[in-house]
Amino acid sequence: MTATDTSPAPVRKPDWRDNAACRHEPSELFFPTGTTGPCAVQIEQAKAVCRRCPSIDACLTFALDEGIPSGIFGGLTEDERRKVRSNNPSNRASIDAFTGTSRSKAQPMTLAESMAAYTEDVDGHRLWVGGLGVRFQNVTYTPNQVSFYLDRGVWPTGKVMRTCKTAGCVLSVHLADEEERTRCGTTGGYQKHLREKTKSCPACRQANTDADNRLRRTGTTKATV
Ligand code: SF4
Ligand SMILES: [Zn+2]
Ligand SMILES: [Zn+2]
């Protein structure tokens, strides 16, 4: 707007922008001019505002739908939004994860926070006590998928199944995706030897021992990933 522009501001219906946490912040904060040094600090500051914004889901949807090419919207930079738009689940792994559950839309949590908030450790297992799924970037994932992702750093291939017998357990070392279920050198591979009554190979035995040790170390504490 210029000093000579006297046209009245356009009237619009109330929407998610009215609750935006950024409406009292300088808009430059959300338009960093780079990604390193002071700009990296600025990006984190902007994302911190988004993280407490009740409109984060609507804002991100808007930015993705409109293909907004610059600035931070819905907690994501333009590069991060581009990765989401490419719709490749493995790309989502590299972005800062938010989840808005229907119970706490006003306080989006990271995937790790949701895993910590909605699980209880019982007898060496970790039980999921939340809802059926976890919303993340407009996709609903199963608790198993989220637990797997947080532990392995990549989204699973195929179905994630329990390797223990405790219903509702989402302890990451008790989960295996399709690839792990068929690959030697994993707890899934070890289970496969047992199921098929074949002799377990050294790689599978080692994986099983590692998982046991890890379970002993993490057995009664919540995930701190
Ligand atoms: S998510 Fe971030 S950019 Fe979007 S409205 Fe909220 S604070 Fe503003
Ligand atoms: Zn278990
Ligand atoms: Zn094996």
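The chain is numbered in sequence order, starting from 1. Whatever order the structure lists them in is the order used to number ligands and atoms, beginning at 1.
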### Query
Would you call the rings of Tyr141 and Phe136 parallel, tilted or perpendicular if under 30° counts as parallel and over 60° as perpendicular?
tilted
### Task
Say whether, by atom type as modelled, one donor and one acceptor occur between the side chain of Thr77 and the main chain of Ile72 under 3.5 angstrom.
no
### Least distance between heavy atoms, Ile43 atom then Gly34 atom
CD1-O, 3.7 Å
### Message
Any N/O/S atom, side chain or main chain, of Cys22 closer to atom 8 (Fe) of ligand 1 than 2.8 Å?
### Response
yes
### Query
With a 4.0 Å heavy-atom cut-off (strictly under), which part of Ile72 contacts ligand 1: side chain, backbone, both or neither?
backbone
### Query
Among all protein non-hydrogen atoms, which one is nearest to atom 6 (Fe) of ligand 1, and what is the separation to 0.1 Å?
Cys53 SG, 2.3 Å
#### Entry: Minimum heavy-atom distance between Arg152 and Ser172, given as atom pair plus value
NH1-O, 3.1 Å
### Task
Among all protein heavy atoms, pick out the one at the shortest distance from atom 4 (Fe) of ligand 1; state its residue, atom name and that distance to 0.1 Å.
Cys59 SG, 2.3 Å
### Query
For atom 2 (Fe) of ligand 1, what is the nearest protein heavy atom, given as residue, atom name and distance?
Cys50 SG, 2.4 Å
### Query
For ligand 1, which atoms, with element, lie under 4.0 Å from some heavy atom of Ala20?
5 (S)
### Query
Do Arg162 side-chain atoms and His174 backbone N/O form a donor-acceptor pair below 3.5 Å?
no
